[in-house]
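First up is the structure itself, then whatever we jot down about it.
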Amino acid sequence: MEKYNPQAIEKKWQAVWNAPDYYRTTEDDSRPKYYALEMFPYPSGNLHMGHVRNYSIGDVVARYRSMAGYNVLHPMGFDAFGMPAENAAIAHGVKPGNWTFANIRNMTAQQKAMGLAYDWSREVETCRADYYRWTQWLFELFYKRGLAYKKEAAVNWCDKCGTVLANEQVIDGKCWRCDSEVHKKNLAQWFFKITAYADELLADLDKLTGWPARVKTMQENWIGRSEGLEITLDAPELGEKISVYTTRPDTSFGITFLALAPEHPLVEKILARSPKADELKKFVDKARAHSDIERTSSESEKEGIFTGFYCVNPFNGNKVQIWITNYVVFEYGTGAVMGVPSGDQRDWMFAKKYGLDIILTLQPKGTELKLEEMDAAYVEHAGVLVNSGKFTGMDFDAGFKAIMDEAEAQGFGKRKVNYRLRDWLISRQRYWGAPIPVIYCDKCGEVLVPEEQLPVHLPDDVEFKQGALSPLSTSKHFVECTCPKCGGHAHRETDTMDTFICSSWYYMRYTDPKNDKLPFARDKVNYWSPVDQYIGGIEHAILHLLYSRFFTKVLRDAGMLDYDEPFANLLTQGMVIKDGAKMSKSLGNVVSPEEIIGKYGADTARLFILFAAPVERDLDWSDEGVQGSFRFLNRVWRILNIFADAIKSPDTAQVLTAEETALRRTLHKTIKKVTEDVRDRFAFNTAISALMELVNAMHAFQDKPINPTLARELARDLLLMLAPFVPHISAELWSQFFDGDVHKQAWPTFDAKAVVEDEVEIVVQINGKVRDRINVAVGLSKADLEALAPTLPKVQALTAGKQIVKIIAVPNKLINIVVK
RNA sequence: GCGGUCGUGGCGGAAUAGGCAGACGCGCUGCUUUGAGGGGGCAGUCCUCGUUCGGGGGUAUGAGUUCAAGUCUCAUCGACCGCACCA
């Protein structure tokens with residue numbers, strides 16, 4: 001018997017699979033389509049275990065679907081623009097392109113060494129001109145649809161990366177990439193108007209029945225829709241009107257102060273008029289200087305200063321003090337907030353701290369609240385209105401609505417929907433990205449580069465310096481240009497696009513990767529889309545997954561495709577952990593995939609990673625566990641070699657022995673379970689454990705003869721089921737016993753007759769405790785079981801002298817006898 | 001603070017529609033095979049009392065629903081994740 005030699009086998013079969021047409025997929029196919037997709041990687045240099053896990057899961061899905069009769073699209077590519085390439089250029093003087101392509105070559109070789117079933121002819125690399133040409137084209141499409149605009153704003157700036165960041169890329173006030181603190185900077189920047197789709201992005205989450213609730217909740221929170229009322233208050237001394245936004249219009253009669261953000265435009269006017277301007281200015285400067293972290297932390301002390309000016313509550317004519325505070329967020333709502341201490345805990349604390357008036361406007365039904373006895377605001381959305389003019393006595397819901405109606409009727413208020421979601425800041429002051437295809441003409445202003453002139457190529461003659469602004473501005477030949485409209489003097493935009501734009505449409509490009517007339521043809525994208533199964537890490541729950549949904553909706557509205565959501569089903573895999581922490585260089589707990597594949601082979605690496613944990617959960621790396629997986633493959637190899645003679649023998653007329661019949665039953669039960677686990681639940685760990693049980697059962701025949709027909713059936717179906725998980729060893733053993741290619745065979749179906757047993761073990765319980773097990777004919781009726789139970793000797797012994805109150809029988813499962 | 005997920009052997013985990021808790025694997029123990037480079041096969045392995053048979057207990061804790069609860073309900077404790085002064 002030859003030894004299992006994974007290195008030799010894997011090389012041999014990878015050579016077969018690397019033939020140009022082996023995995024080529026076309027639309028011209030009568031089978032139903034299935035689009036399996038893993039999030040494409042950033043070409044950092046080497047695959048890590050997270051990649052291995054991601055691709056192993058995707059490969060099982062793709063290979064299984066292909067065997068199960070689908071026309072499967074399973075592509076791979078690289079998210080190839082981004083900072084690390086540029087940092088390599090700064091640190092080592094390597095050209096970002098050279099660095100990137102070398103990494104892509106290396107990682108592609110590693111992916112091929114994993115035996116993944118990709119259609120490489122569809123590979124997409126976002127840093128290539130034939131791809132970013134269409135990224136630029138799509139920018140122009142957004143621009144023409146009024147969804148791309150430039151504006152000056154206080155934006156998030158990361159010093160270390162030397163660029164701005166989108167809100168989604170700021171995590172706890174820190175840069176998502178380098179973890180350094182982000183601060184605000186006023187810059188003129190390009191934005192995508194994602195807020196125009198806020199409502200649909202929120203509403204369509206309901207359509208995503210194949211997404212984890214967790215991800216949908218995160219997106220829901222991020223979009224942060226709220227309904228409320230915008231109220232305008234007169235400030236006669238200032239000759240101004242101030243708008244505030246509230247989600248609690250029912251408390252409007254309780255306004256006792258008005259809080260302005262330090263950035264609010266009215267602050268300048270107040271400073272100009274106030275006798276205590278110096279004092280106010282000191283406060284405003286201090287508040288503005290605070291970092292985002294300090295300002296958005298709910299633990300920060302709420303501070304404010306009275307301006308000396310008043311406005312008027314339009315509901316009851318009350319005089320309301322105008323304060324400048326450090327806790328109102330300028331970017332949300334109107335940047336000004338009405339203060340109702342009785343109904344909002346922050347306002348309550350603020351009022352207590354500065355001794356402001358408190359007016360009660362709502363109290364629970366049947367209870368009378370007394371301000372002097374309260375030590376917190378009453379914040380429930382229920383109760384009865386008090387001190388609210390003609391609305392007093394109404395219950396919460398009626399009062400809420402009536403007050404909004406009143407405000408709208410009187411013209412000082414308007415119902416309004418607000419979102420936490422802000423527009424997507426897409427400019428980056430970096431080199432290694434798709435240039436924004438805009439030209440600024442001295443005469444015509446902002447002009448799009450004409451479509452036929454795309455792509456705007458990245459120039460070579462740039463200087464890289466740490467923290468320098470927009471490297472593209474150092475290229476003379478890039479910056480200077482003529483206006484496409486008037487031919488006059490002009491210069492190019494020197495910012496590039498956020499790489500998340502590149503990755504917002506790559507899965508569409510896979511459907512038509514060579515198209516040089518359009519980003520993709522409508523019929524092709526419609527044929528393959530939506531992605532049937534998308535697989536990746538939870539870290540993209542908001543960023544990439546929200547942006548991609550936005551892109552899909554915009555392109556649908558532009559008539560380029562005909563569906564609403566890009567990813568029908570989403571699987572978020574867990575992390576790979578070792579010694580209780582995520583693998584990382586700094587912790588020194590990294591296990592390199594190359595090392596494992598070199599030692600045990602790709603099949604073992606794949607098998608371990610799929611077996612060790614359910615796909616959604618974090619996976620604890622275990623060197624011993626890897627050995628266990630290797631052991632299992634050796635066991636498969638050995639038992640099929642032991643069966644080899646039988647497998648190759650002709651059929652005999654002999655009927656199966658009882659033991660053989662039982663083994664065949666195990667086989668068909670396994671087929672049923674593995675099929676359901678893989679198809680319906682992505683429960684690869686339990687599918688593999690079922691295969692292990694089957695192989696264990698086969699080992700009972702290692703020393704005795706086995707019926708050739710059965711041996712053949714076992715070998716066949718076992719290899720077919722193993723094929724998606726461990727493609728190399730399956731292909732090799734298949735070629736030793738059977739014709740054709742295991743990966744082009746149909747997935748096995750179970751024989752319903754073989755699964756049926758004549759007898760089944762029934763558990764007999766007395767008062768819920770197992771007291772006996774009996775074998776009865778399968779399907780024995782409830783009535784028969786109930787009649788049978790009291791006659792059992794063991795039951796009679798244990799129930800002697802007691803009264804049987806009730807007998808519950810569940811056919812094929814159990815009997816429970818209740819006694820007193 | 002708000003929202004979510006989850007607590008099962010020494011470890012990773014299983015129990016899919018409320019019906020035998022601990023499948024499968026790791027580790028460990030014993031037996032076996034001249035296998036002798038991290039080899040293979042078989043058996044045992046939740047705790048506890050009892051010689052085998054068997055009895056009792058057991059899924060974070062406490063209550064509840066039910067003939068029956070790891071699974072459902074409520075409370076408590078703990079872990080992790082997301083959002084977080086959004087008015």
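A note on names: the letters A, B, ... follow the listed sequences, proteins ahead of strands, and every chain is numbered from 1.
- Counting atom types as modelled, A:Asn221 pairs no side-chain N or O with a base atom of B:C83 as donor and acceptor under 3.5 Å.
- In this structure, A:Asp344 reaches neither bases nor backbone, as no heavy-atom distance under 4.0 Å exists between it and the strands shown.
- Taking 3.5 Å as the limit, the base of B:C85 and the side chain of A:Lys302 contain a donor-acceptor pair of atoms between them.
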Check your understanding: Going through the checks in order, is the side-chain hydrogen bond (donor to acceptor under 3.5 Å, both in side chains) test met by A:Asn418 and A:Ser226?
Key -> CA-CA 5 Å; A:Asn418 254 319; A:Ser226 75; 5.4 Å; no
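- In this model, the phosphate group of B:G25 is approached by a side-chain N or O of A:Asn696 to a distance below 4.0 Å at OP1 or OP2.
- Taking only side-chain nitrogens and oxygens, A:Lys769 comes nearer than 4.0 Å to OP1 or OP2 of B:G57.
- Nearest to the side-chain atoms of A:Arg681 among the listed nucleotides B:A87, B:C24, B:A15 stands B:A15.
- Across all strands shown, B:G9 has no partner, as no Watson-Crick or G-U wobble contact with both distances under 3.5 Å is found.
- The aromatic rings of A:Phe350 and A:Tyr354 sit tilted, their planes meeting at an angle between 30° and 60°.
- Between A:Arg635 and B:C42 there is a side-chain N or O to OP1 or OP2 distance below 4.0 Å.
- For B:C83, neither phosphate oxygen OP1 nor OP2 lies less than 4.0 angstrom from any side-chain nitrogen or oxygen of A:Arg214.
- Taking the ring centre of A:Trp176 as origin, the terminal cationic atom of A:Lys174 falls outside the region bounded by 6.0 Å and 45° from the ring axis.
- Contacts of residues 417-424 of chain A with RNA chain B (heavy atom under 4.0 Å): A:Arg420, A:Arg422.
- For A:Arg638, no side-chain nitrogen or oxygen approaches OP1 or OP2 of B:G39 to under 4.0 Å.
- In this structure, the nucleotide among B:C42, B:G13, B:C26 sitting nearest to the side chain of A:Arg631 is B:C26.
- Between A:Arg771 and the phosphate of B:A68, there is no side-chain N or O to OP1/OP2 separation shorter than 4.0 Å.
- Nearest to the side-chain atoms of A:Glu624 among the listed nucleotides B:U16, B:A87, B:G27 stands B:G27.
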